[in-house]
Amino acid sequence: MSDRKPFLGGNWKMNTNRTTGSDLARGVTDGLISVDGVEPALFPPFPYLLTVRAILRDRGSSIRLGAQDVYFQPDGAFTGEVSVAMLRDCGTQVVLVGHSERRHVLGEKDELINRKLRTVLESGLDAVLCVGETLDERTAGHQDIITARQVKTGLADIPASYLERLVIAYEPVWAIGTGKTATPQDAQDAHAQIRQLIERSYGKDSAQRLRIVYGGSLKPDIAPDIFAQPDVDGGLVGGASLNAADFVALAKAAAAAGRAKR
Ligand code: 13P
């Protein structure tokens, strides 16, 4: 039993251009027109936010517009960075924070991620906090410690009232873009652990309401078994979100899994 509405994010990463991104947004929007029971969101690169927003608006779509990152300062001399106010101005509703590529390719630490997350949630926007262990950490048997640290530090000084606007994405780094997926049981175990951590800090109600989604080489053929797990509330998709038919199939699978748990 779960009242949590599945969330499915399409993280386009540093892919698409204005033409292919527009085609993709149209394809996804048209494919999801009569699909309910899932909350889809698209995360295009910053330069295409307004283009995707216009497509979603023209079609009256309820797909949410997301950004892949943000900086915590409101404005000023921070060359190359983008503020929450700028994202709002472009119609962004939800922001990814702490994606593993930001952590491991671009060197972001838990403290910076926490400042970003606080900034997003304080501004009234929704956020997706990404956590997950690397292959080395998993091989050493440290995955629980790493995930717990990322969740705890990421959520430092975040009040319970903000959790309604938060999704946590469990994305094991070794599964991202590698074609390797966590087994449904591994995903369930990690999600259950995260929900327990939330329960300890914020209480049972908050923990039961929080959506925790899986990311890492999700494809339409393997996703239903993962989405069916009791503590998995949808997904965050990279590669497969660049194909409209695959993303639509994943959204339908997430919606079906959500219905089956009600
Ligand atoms: P892939 O689906 O390409 O493995 O990427 C997952 C991811 O990083 C989503 O944020």
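One-based numbering, in listed order, for ligands and for the atoms of each. Worth saying up front: this structure is predicted, and the values here are computed from it rather than measured.
- Numbered from 1 in the order shown, with element, the atoms of ligand 1 that lie under 4.0 Å from a heavy atom of G177 read 1 (P), 3 (O), 4 (O).
- Between the side chain of R195 and the backbone N or O of A207, at least one donor-acceptor pair lies under 3.5 Å.
- When all heavy atoms are compared, the tightest approach of L218 to I226 is CD2-CD1, 4.2 Å.
- Looking at I176 against ligand 1, both its backbone and its side chain come within 4.0 Å, counting heavy atoms.
- For ligand 1, the polar-atom distance check against E101 finds no nitrogen or oxygen pair separated by under 3.5 Å.
- Taking every heavy atom of N11 and a limit of under 4.0 angstrom, the matching atoms of ligand 1 come to 9 (C), 10 (O).
- Ligand 1 has a nitrogen or oxygen under 3.5 angstrom from a nitrogen or oxygen of K13.
- At a 4.0 Å cut-off, not a single heavy atom of A240 sits close enough to ligand 1 to count as contact.
- Looking only at heavy atoms of the protein, atom 9 (C) of ligand 1 is closest to E171 OE2, 2.8 Å.
- Formation of a donor-acceptor pair under 3.5 Å by the R165 side chain with backbone atoms of L125 is found in this model.
- No donor-acceptor distance shorter than 3.5 angstrom exists from the side chain of E171 to the backbone of G132, with no hydrogens or angles considered.
- Judged purely by atom type and a 3.5 angstrom limit, D233 uses its side chain to pair as donor or acceptor with the backbone of I212.
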**Prompt:** side-chain hydrogen bond (donor to acceptor under 3.5 Å, both in side chains) between D189 and Q193: does it pass, once the steps are laid out?
**Reply:** CA-CA 6 Å; D189 290 348; Q193 184 218 350; over 6 Å; no
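- Judged by the shortest distance from any of its heavy atoms, S217 lies inside the 4.0 Å radius around the atoms of ligand 1.
- Among protein heavy atoms, atom 2 (O) of ligand 1 sits closest to G238 N, 2.9 Å.
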**Prompt:** Under the salt bridge (Lys or Arg N to Asp or Glu O under 4.0 Å) criterion, do R138 and E133 qualify, and how do the steps go?
**Reply:** CA-CA 6 Å; R138 188 177 189 84; E133 79 283 358; 2.6 Å; yes
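- In this pair, Y170 and H191 present their aromatic rings perpendicular. The plane angle is above 60°, beyond the 30 to 60° band.
- Which parts of ligand 1 touch G239 is read off a 4.0 Å heavy-atom cut-off, strictly below it: atoms 1 (P), 2 (O), 3 (O).
- Of all the heavy atoms of A175, the ones lying under 4.0 Å from any atom of ligand 1 belong exclusively to the backbone.
- Among the atoms of G216, none of the N or O lies under 3.5 angstrom from an N or O of ligand 1.
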